[in-house]
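Below you'll find the structure, written out as structure tokens, and then a few comments.
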Amino acid sequence: MTLISKFSPVAASLLCATTAWSADFQVKRSLELPSTTPQVWHLIGDFCDIDDWHPKVSSCSLKVLDGSLVRVLKTDTGDQVTQKRIAQEEGLSYTYKTISSALPIEKYTATLSVQPGENLLIEWIANFSSDDPAMERVVVDDIEGGLSAIESIFASR
């Protein structure tokens with residue numbers, strides 16, 4: 001497996017009036033594939049095709065909310081996560097933010113992108129805040145699980 005860890009975590013903490021710590025995290029993971037951008041983007045580029053390749057997502061449905069595309073994910077544990085696409089560069093990336101989730105995570109924003117080159121580079125970068133430092137591992141596992149699934153799909157082709 002070729003998972004390249006760029007950096008994780010970038011953590012900064014703020015002391016709240018209640019003396020509880022809230023940490024800001026960034027998780028950034030990359031995967032290189034000997035493939036072309038169109039082949040990979042065909043698999044991962046549609047905002048709601050995540051249920052076709054991510055092992056933790058059992059279903060995805062789309063709706064439009066206030067003029068923005070929103071996906072409602074059902075996880076393998078039965079939880080529901082709602083995410084709003086906030087930007088996209090056709091054929092290369094999309095950025096989304098989580099608007100509801102059962103996890104104790106706030107301000108979750110992520111970008112999934114592909115960068116052509118000698119080997120195609122897939123990057124998945126997530127930024128979020130949480131009072132629970134264990135949430136960093138949850139996000140790392142989620143991103144790495146998705147990238148591993150993509151790698152497995154292309155290894156079998």
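Along the sequence shown, the residues carry numbers beginning at 1.
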Ser129 and Asp24 side chains, donor-acceptor separation under 3.5 Å = yes
Trp124 side chain near Leu31 side chain, heavy-atom distance below 4.5 Å | no
About how many Å separate OG of Ser148 and CH2 of Trp53, when rounded to the nearest 0.5 Å?
-> 11.0 Å
With Ser68, which residues qualify under side-chain hydrogen bond (donor to acceptor under 3.5 Å, both in side chains), at least two apart?
-> none
Thr95: side-chain hydrogen bond (donor to acceptor under 3.5 Å, both in side chains) partners, not counting sequence neighbours = Thr111
Taking everything shown except Lys97 itself, do over 12 heavy atoms lie less than 6.0 Å from its NZ?
-> no
Hey, mind stepping through Asp141 and Lys56 against side-chain contact (heavy atoms from CB on, under 4.5 Å) and telling me if it holds?
-> CA-CA 10 Å; Asp141 289 348; Lys56 293 183 180 179; 3.9 Å; yes
Heavy-atom distance under 4.5 Å between the side chains of Phe154 and Leu43, does that happen here?
-> yes
Are any of the side-chain heavy atoms of Ile122 and Leu112 separated by less than 4.5 Å?
-> yes
Rounding to 0.5 Å, atoms NZ (Lys63) and NZ (Lys84) come to a distance of 11.5 Å
From Thr37 atom OG1 to Gln115 atom CD, the distance as rounded to the nearest 0.5 Å = 9.5 Å
Residue pair Val40, Leu33: steps toward the side-chain contact (heavy atoms from CB on, under 4.5 Å) verdict | CA-CA 9 Å; Val40 173; Leu33 289 175; 4.0 Å; yes
Spell out, yes or no, whether Leu103 and Val70 are grouped together once hydrophobic residues are joined by side-chain heavy atoms under 4.5 Å, including indirect joins.
-> no
Scanning both residues in full, the closest heavy-atom pair of Tyr108 with Ala126 reads OH-CB, 3.5 Å
Do Cys60 and Leu73 have side-chain heavy atoms sitting under 4.5 Å apart?
-> yes
When hydrophobic residues are tied together by side-chain contacts of less than 4.5 Å, even through go-betweens, does Val57 share a cluster with Ile99?
-> no
Side-chain heavy atoms under 4.5 angstrom apart, residues restricted to Ile, Leu, Val, Met, Phe, Trp, Tyr: same cluster for Val81 and Ile143?
-> yes
Interatomic spacing from CG in Leu120 to OG in Ser35 - rounded to 0.5 Å | 6.0 Å
Would you name the heavy atoms of Ser113 and Ser93 that are closest together and state the gap between them?
-> CB-CB, 3.5 Å
So, do Leu65 and Thr82 sit near enough that their side-chain heavy atoms are less than 4.5 Å apart?
-> no
Taking all non-hydrogen atoms of both residues, which atom of Cys48 and which atom of Ser61 are closest, and how far apart?
-> SG-N, 3.5 Å
Roughly how far, to the nearest 0.5 Å, is CD1 of Ile125 from CD of Gln26?
-> 6.0 Å
Answer yes or no: is there a side-chain heavy-atom contact under 4.5 Å between Val139 and Phe25?
-> no
Would you check, one step at a time, whether the test side-chain contact (heavy atoms from CB on, under 4.5 Å) holds for Arg71 with Arg85?
-> CA-CA 8 Å; Arg71 67 182 177 192; Arg85 188 175 66 193; over 6 Å; no
pair Gln80-Val72: side-chain heavy atoms closer than 4.5 Å = yes
Kindly give the heavy-atom pair with the smallest separation between Tyr96 and Gln83, and that separation in Å.
-> CE1-NE2, 3.3 Å
Do Ser130 and Asp132 have side-chain N/O donor and acceptor atoms under 3.5 Å apart?
-> no
Indicate if Val140 and Ile105 have the same hydrophobic cluster label, given that clusters are the connected sets of ILVMFWY residues with side-chain heavy-atom separations under 4.5 angstrom.
-> yes
Pair Asp142-His54, side-chain donor/acceptor within less than 3.5 Å = yes
In one Ile/Leu/Val/Met/Phe/Trp/Tyr side-chain cluster, 4.5 Å: Ile50, Ile86 = no
Spacing of CD belonging to Glu151 relative to CD belonging to Glu144, to within rounding of 0.5 Å = 11.5 Å
Please check if the side chain of Ser58 supplies one atom and the backbone of Lys74 the other of a donor-acceptor pair under 3.5 Å.
-> yes
Parallel, tilted or perpendicular: rings of Tyr94 and Phe47 (30°, 60°) = perpendicular
Could you go step by step and tell me if Leu69 and Leu62 meet the side-chain contact (heavy atoms from CB on, under 4.5 Å) rule?
-> CA-CA 7 Å; Leu69 193 59; Leu62 287 176; 4.0 Å; yes
